[in-house]
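This report refers to the structure that appears directly beneath it.
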Amino acid sequence: MQLMDWTRRSLLAAAGAGAMALGLGLPVQAQTPPGVLVVGQIAEPKALDPAAVTAVNDFRILMNVYDGLVRYKSGTLEVEPALAESWTISEDGTEYTFKLRDGVMFHDGSAFNADVVKFNFDRMLKEDHPYHNTGPFPLSFFFSAVESVDVIDAQTVKFKLNAPYAPFLSNLAYPTGLIVSQAAVEQHGADFGRNPSGTGPFKFAEWRSNEAVVVEKNPDYWDGAASLEAVVYRPITDANTRTAEMLAGGIDLMVEVPPVALSEFQTDAYRVSEQAGPHVWFLILNAKEGPFADKLVRQAANYAVNKAALVNDVLEGTAEVAAGPTPPAFAWAYNEALEPYPYDPERAKALLAEAGMQNPSVTFFVTEGGSGMLDPVAMGTAIQADLEAVGFSVKIQTYEWNTFLGEVNPGLEGKADMAEMAWMTNDPDTLPFLALRTEAWPDKGGFNSGYYSNPQVDALLDEARTATDQGRRAELYKEMQTIVHDDAPWVFVANWKQNAVTSSKVDNFQLEPSFFLLLKDVVKN
Amino acid sequence: MRLFLRLLARNRLALAGAVVLGFVVLLVLMTPVLPLAEPNITNTADRFQRPFTPGHLLGTDHLGRDLLSRLLWGTRLSLAVGFSAAVIAATIGAAIGIVAGYFGGRTDNLIMRGVDMLMAFPYILLALAIVAALGPGLMNALIAVAAVNVPFFARNIRGITVGIAHKEFVDAAKLSGMGHGRIILSEILPNVLPVIVIAMSTTVGWMILETAGLSFLGLGSQPPQADLGSMLGEARAALITSPHTSVVPGVMILIIVMSINLLGDGVRDALDPRLRSGALTRPMAATLVDRDSVPEPSGDGILTLDGIETQFHVGDRIYRAVGGVSLSVGPGECLGLIGESGSGKSVTALSIMGLVASPPGVITGGAARYRGRDLIGMPYRELRRLRGDRIAYIFQDPLATLHPLYRVGDQLAEAIRCHHAIGRAEAHDRAIELLKSVRIPNPESRARSYPHEMSGGMRQRVGIAMALANDPDVIIADEPTTALDVTVQAQILSLLNDLRRDRGLAIVFITHDFGVVAQLCDRVAVMYAGRIVEEGPTAEILARPAHPYTSRLIDCVPELGGGRRELAAIPGLPPSVDDLPAGCAFAPRCDKKQSSCAVGEVALKPRDGRAVRCLYPDWRPA
Amino acid sequence: MGSYILKRLLSAIPVLLGITIIVFAIMAMIPGDPATAILGSYATPENVEKLNRDLGLDKPAAARYFIWLGNMLTGDFGQSFALNRPVIHEVLERFSATLVLAGTAFVLCCFFGILAGVVSASRQYGLADKAITFAVLLGISIPSFFLGMMMILLFAVSLKWLPVSGMYAIYGGGDLWDLLKHLAMPATALAVVATGVIARLSRSAMLEVLRQDFIRTARAKGVSEHRVIWGHALRAAMVSIIPVLGIQAGFVLSGAVYIEIVFQWPGVGRMLVDAILKRDILLVQGGVVLVAACYVIFNIMVDVAQSLLDPRIKT
Amino acid sequence: MSAALKLDNLSKSFPVGKPLFGPPKFTVKAVRPVSLTVETGETLGIVGESGCGKSTLARMLVGLIPPTTGRIEIEGRAFDNADPAAFGRSIQYVFQDPISSLNPRKTIRQIMEVPLKRLHRMNKADRARRISEIFAAVNLRDDFLNRYPHEFSGGQAQRIGIARALAANARILILDEPVSALDVSVQAQVLNLLAKLKREFGLTYLFISHDLAVVEAVSDRIAVLYFGAVVEIGRAEAIFNRPRHPYTKLLADSAPVVGRPLTAPEGKETELPDPLNPPPGCAFAARCPRASELCRQSEPQLTVMGEYQLAACHHPLDS
């Protein structure tokens, strides 16, 4: 019958088309060539202009394309010479004079010298600089202490600070201090971010929007040429897709592996690297009002949260329990004597009873994700469960990251008793200075959203910032940590161990405590 | 309402959906009393337990919470949210749509422009932006999902309302003194309500999916509260390592949405009056034939019908539309088939070439022979070869019976090319000739017209031309002039008459108008309740009807020139063909009825070239 | 016809204008600002204020709206805060990727949807009808992102038949074949729901049309059943299918958001979600206006197609 | 006799292709200026083919369409439907399609109660009594009241429609093709009922139909409409027997009559002129066997031609 014929015909056609669609992919082998490393990034970079970006994700590219005057010594957070061969600091700590490396060329062929250094900092800091409009430069306040940059001679440059500022060198090692080519900025203007030129081991080759940023080996690198021929950075925002790509062989190196996916990579085909970094994950407690105005209640919260379970189970061991406000990665400033609050619900209950609190009810701001926030919703949920177990009544309010910051940074007063927060810093000064001093309350332009105030801590931090001697600074920080630990303005939860997975073809890969991704010595077979 | 439930229950798929959904709803209603683990108690050491581990039937999630418990609590929430979002969107959307559709004009224009704007806005982004503005949370997600769906409801309901607002009962309500508000509430709303319910029931599932989508983007419920979307979203990170945490809520969404959709389809089918009447079933290429025996040939005409019986099977009712009709027509002869609506005259005509829509139509008996070959039960291929080639039809309403999207020339050419392997150009030339033969002025340019561009009379000429396309032997004309004005009707009738004489056509002419029969037909058969009650030469029957029905029907027709007068009427109504009385079907309305009329079958008795189905016929001398 | 298109284009202007107002108002209402988003942890009120000034966000909303609108009329959509490049470049680049994805999905769902609907209707209550009805129901009941995730698991991770994500291979690709391989999963996942919707609609439209008198006429003149269904009936059914195709195009375009996220497709939907979260105001505004304009133009095309198909529509 | 209904230069134009702003491109004149008078107690029949504007005219009379020009007087008062209740008590309408004029979601009782409640503010008991009276008058059984419209045949539904119009207690009824959807046997029932009601309640009818024989059977006077204008008006018993206007004659000749042989009526086989592009002179000129140059240039006016008979024709037929 006719009817049968045509339906069969069309079904056949449909089946054929379906088979073709499947057949398309049969011989896919997601192999990447040797010598080319494909890195799975978490997002498209904003720009490749180090002065203009803020995200760790972008730093992972920039650190391989540019050099700064100084850099962190491998495996530590201590500075060592880079484009500057050496430096001297004046007695009062307000003048830094750098001797620059000779014969370094930018990828665009222009020479690196003192004028370029001055150009770099003036561009960022001087509003009347002809290239200031190539910004904005959101992190320029890292160098807000710089009063002037003076060219002494072609190979010598002097920074004048308006006050002693101990973290200055450390900030220079931060990506915001990377040196860009003056010629390239002059040539491309605001488009420099897409046409970058630095002195680093890799030079920029190509940026295919939303697909890849490709950098190639700089054979003339002053510190010895890289082993890789090229690096491809692929932005893959979704962690799951990133994991799938890694499993399917589409990328060689994956950063920020979701904790739950780690178990997939426990085979010979992959290598998992870990490195604790200058990161601390904590809960801001509102010390101004509500139950947490009472120190006993704050301590009770610290006892109530099962931090070991959080880092081992929720975060699958990708973090360690934090003891205080300073992460152990700042080894020289870290107080080894500090012990984390143990998980002790009974003690917490006792403290609550002592404070006279019956079922204190608290509002808890949780974010959905954000820089360094690990797995904030799961963490928040688990913390809520822990707190409720000792008698708190916790109401969670979740915010998407930017709204969250908009709610938390102006202070928790009148809104919440508790908020998640995480910081990654490059100097032990940064976090406590910005978030624990009385002078850093939100209304004074700081990040002390929980209104913690202790004059002793204020004094210690002020002194540490101006001391030029690292030994002295270490003492001051250690004392500060002891006091803060006891005052418990935060619930100290975790220090993140950054992780990365590489395929077995990748050798010589190592994560840095700075969380930067340095690929110069990496080999891919 | 009872009918609705019965129809719903008859739809097996909908029933399955209802059962599954009912089970799920029952389960989630019982959730608070079921012996389940607390949904929000975390036990991180126990995380990612596989399904069927003791104590955790479906395993645990990334925080060691019991998945079964969270699933049920989450389903509870998701169902509530999906349902409320659908109700909110439907209520607001319907209100907007009704207002726009009822008032029309500028109000309508303004509202629909706004709706267009919202619809042009990518809806996920709109929802996302709303949630971003309101802050995340299931309540806000609900608002967002409802808000982005309002325009779709508004547009849908507006369309329906426009149709209803132009119905005559709305005008009647206005004349009965109702104000706008009252008309909207008591006239429009009850008629739009089924559509709203249909739209809603088919949307609940969609709403659940959309809310899940927002949760997937991290904008749904607040932890630790579980809803299906946020469960899926939270589990996504562990998709590769512990797929069951994703699969459990994913499959639950699938089950719920699918059962809701099945039920929604059932609700739609049950509420849709067209489906209820079986009007949305596909008619097959030829009418179903289910006859036990083939009667012997009786007549000797070119087309002979022997005891044709056609029934409509709707649900468990059987409508005997045609109850054994025998006819015969010879070359050059015009046979009139006359009767009131529901008498079975059109069904008889359509049965001949198997054109009765089936389902629900079934030919249950008799034979229709063309030159001795039985058309009933003939293989489809052969039947198709005869259709339009040897036996052609002219239908009543030429606007509905011509394809609205093809040019009339092409429709004519197609009729030829179906049966003759000739080229496109040749067929086109033939088509123009045909148009000329039915006296259409400017046939060349008319061939390029679409049916809607022609007047009713012109369209019917095209219909006739199409019937003539292959020089058929028999034309079956089913009320071809009923939809036309009298002046045009006269033109068409005279055209048909000329064609019949010129080409020796046999015509079966179906009509309800004695005047038309009188002018055109040689013989006439009168039908009542599916049967022929009287047959014979037209002039004789009109002058001396023997059957009481025939005679009284003729008396009912006012004749021009009679002036102002009382008309004769037949009291009562024709019987319904699914419930025919025993004996003579006309007996209940007949003033000559005897007790014997209601007993036994009344046969069609021939006499002097006429026949009548009456026990007490009125034979008057000529 | 030309004047009809022109008229429709003109009538789209107030719609687009309305959209600019809606998107601007929503972005103005969303809490948080781009400066906070850019500065992240370092967003002190002071820094935020300075950066906002640098970005030109300190002016009143009405002024910003008219500046934006004025610039847009001259073709300047402004600069994306988060991506540091002109909005128009980013949007056009991303949009072309979305068009490839959504366009393919749309073609797939039109083809298979109508095919399934017609086959289903023409064999109503038959085995093919039941199978198609069930498959279609399954299709419209599954969240597309869930389907996408499962497809990745199966076809890319386990079977390694298809690439996981992206639009082109990073190395050695770039040709049509490569694109098709990358397109296969996302386009299918995206098309599934719309295919279901179109199939259901086509089925009921076909059923409705098949009851019409002109179908009986076609049969009465001896037209073959194949031609009755694929010619007469389908053509008439298209009159009610085509407007829904326009609406479905909007759904496909919107649904691309999820698929682009799951498959890391460099499309405009994912960009807009990111941009909303990052408060990249100008990028959101520009993107939405362009997407809406495209949708509006597509719908005009649908109307034009409709008027070409159906001579009864006055043009 | 006083005039129940007086129409003075009543006309209606519909805009076609209206742009968003500004005046429409074309207007279609559905009803050209019409002046008519319906005396109290009279039945005026209006006859014409489809598209002649008879329904538009009828709907203007009950305010369902606002007229473009002209005025209407109802029982000596200027048309005023600002108060729907007062207006509804003076004039009512019976619709062509009996089923679609009844709300399918309401019972017959609910439908019947509306005019009593809204127009006459009756209480429940009064309403029930009145409905019974009216139902008795239209030969409907009271047990129909709790049923829904779809349960009725066309003839019954039309009787319900008439009952609803009666419930308003108006003295003037506009009957818009009240029997054209009905079978002949039922049509006769309804027509006879209408005649009876008119006698009983002293009603005035405006009876619209395309069926000459039906109109003739019920009307005192008949107006023939062609292309939106009255071309001839006269006494029912005379107008088709002695038509003066060629169109009236064409109508009368075209009606199929038993015993008359089938001949194509005189006149060319053309149809209505294009309403978007009306001819300048007499609209019937193109079809008229008597048309002259004059007819194609100037529009004839209604002039008295014989007793009670007026026609608009330059070359009228002899009486």
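Lettering follows sequence order; numbering is per chain, from 1.
For P194(B), the part lying near chain D is the side chain, with the backbone staying farther off; criterion is any non-hydrogen pair under 4.5 Å. With a 4.5 angstrom heavy-atom cutoff, A539(B) does not touch chain D via any of its atoms. When heavy atoms are compared at a cutoff of 4.5 Å, R164(D) approaches chain B solely by way of its side chain, counted from C-beta outward. Only the backbone of L102(D) has a heavy atom closer than 4.5 Å to any heavy atom of chain B. For N241(D), the part sitting under 4.5 Å from any heavy atom of chain B is the side chain, from C-beta outward, and nothing else. With a 4.5 angstrom heavy-atom cutoff, D555(B) does not touch chain D via any of its atoms. Contacts between R89(D) and chain B at a heavy-atom distance below 4.5 Å are absent for every atom of the residue. Neither the backbone nor the side chain of R552(B) has a heavy atom closer than 4.5 Å to any heavy atom of chain D. With a threshold of 4.5 angstrom between heavy atoms, A252(D) approaches chain B through its backbone and through its side chain. Only the side chain of K106(D) comes within less than 4.5 Å of a heavy atom in chain B; its backbone stays farther off. At a 4.5 Å heavy-atom cutoff, the contact between S186(B) and chain D is made by backbone and side-chain atoms alike. Both the backbone and the side chain of E340(B) have a heavy atom closer than 4.5 Å to some heavy atom of chain D.
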T487(B) and R287(D): side-chain contact (heavy atoms from CB on, under 4.5 Å), yes or no, with the steps? CA-CA 11 Å; T487(B) 55; R287(D) 299 171 74 179; 3.2 Å; yes
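The candidate with the highest count of non-hydrogen atom pairs below 4.5 Å against chain B, out of A167(D), G63(D), P104(D), is P104(D). Of the listed residues (G88(D), A85(D), S100(D)), the one with the most heavy-atom contacts under 4.5 Å to chain B is S100(D). Residue with the most contacts toward chain B among V214(D), L191(D), D220(D): D220(D) (heavy-atom pairs, distance under 4.5 Å). Contact count versus chain B (heavy atoms, under 4.5 Å) is highest, among V62(D), V94(D), N103(D), for N103(D).
With sequence neighbours left out, the salt bridge (Lys or Arg N to Asp or Glu O under 4.0 Å) criterion links K196(D) to E200(D). Partners of S343(B) according to the side-chain hydrogen bond (donor to acceptor under 3.5 Å, both in side chains) rule, which considers only residues two or more places apart in sequence or in another chain, do not exist here.
The contact list for residues 182-189 of chain D toward chain B, using heavy atoms and a distance under 4.5 Å, reads D183(D), V184(D), S185(D), V186(D), Q187(D), A188(D), Q189(D) by residue number. Contact annotation for residues 167-177 of chain B against chain D (heavy-atom separation below 4.5 Å, listed by residue number): K167(B), E168(B), F169(B), D171(B), A172(B), K174(B), L175(B), S176(B), G177(B).
Rounding to the nearest 0.5 Å places CD of E49(D) at 10.0 Å from CG of L484(B).
Inter-residue side-chain proximity for L573(B) and Q156(D) is flagged as met; some heavy-atom pair is nearer than 4.5 Å.
Around atom NE2 of H166(B), no more than 12 heavy atoms belonging to other residues, nucleotides or ligands sit under 6.0 Å away.
Of the candidates L493(B), V488(B), V486(B), V486(B) is the only one forming a side-chain contact (heavy atoms from CB on, under 4.5 Å) with S254(D).
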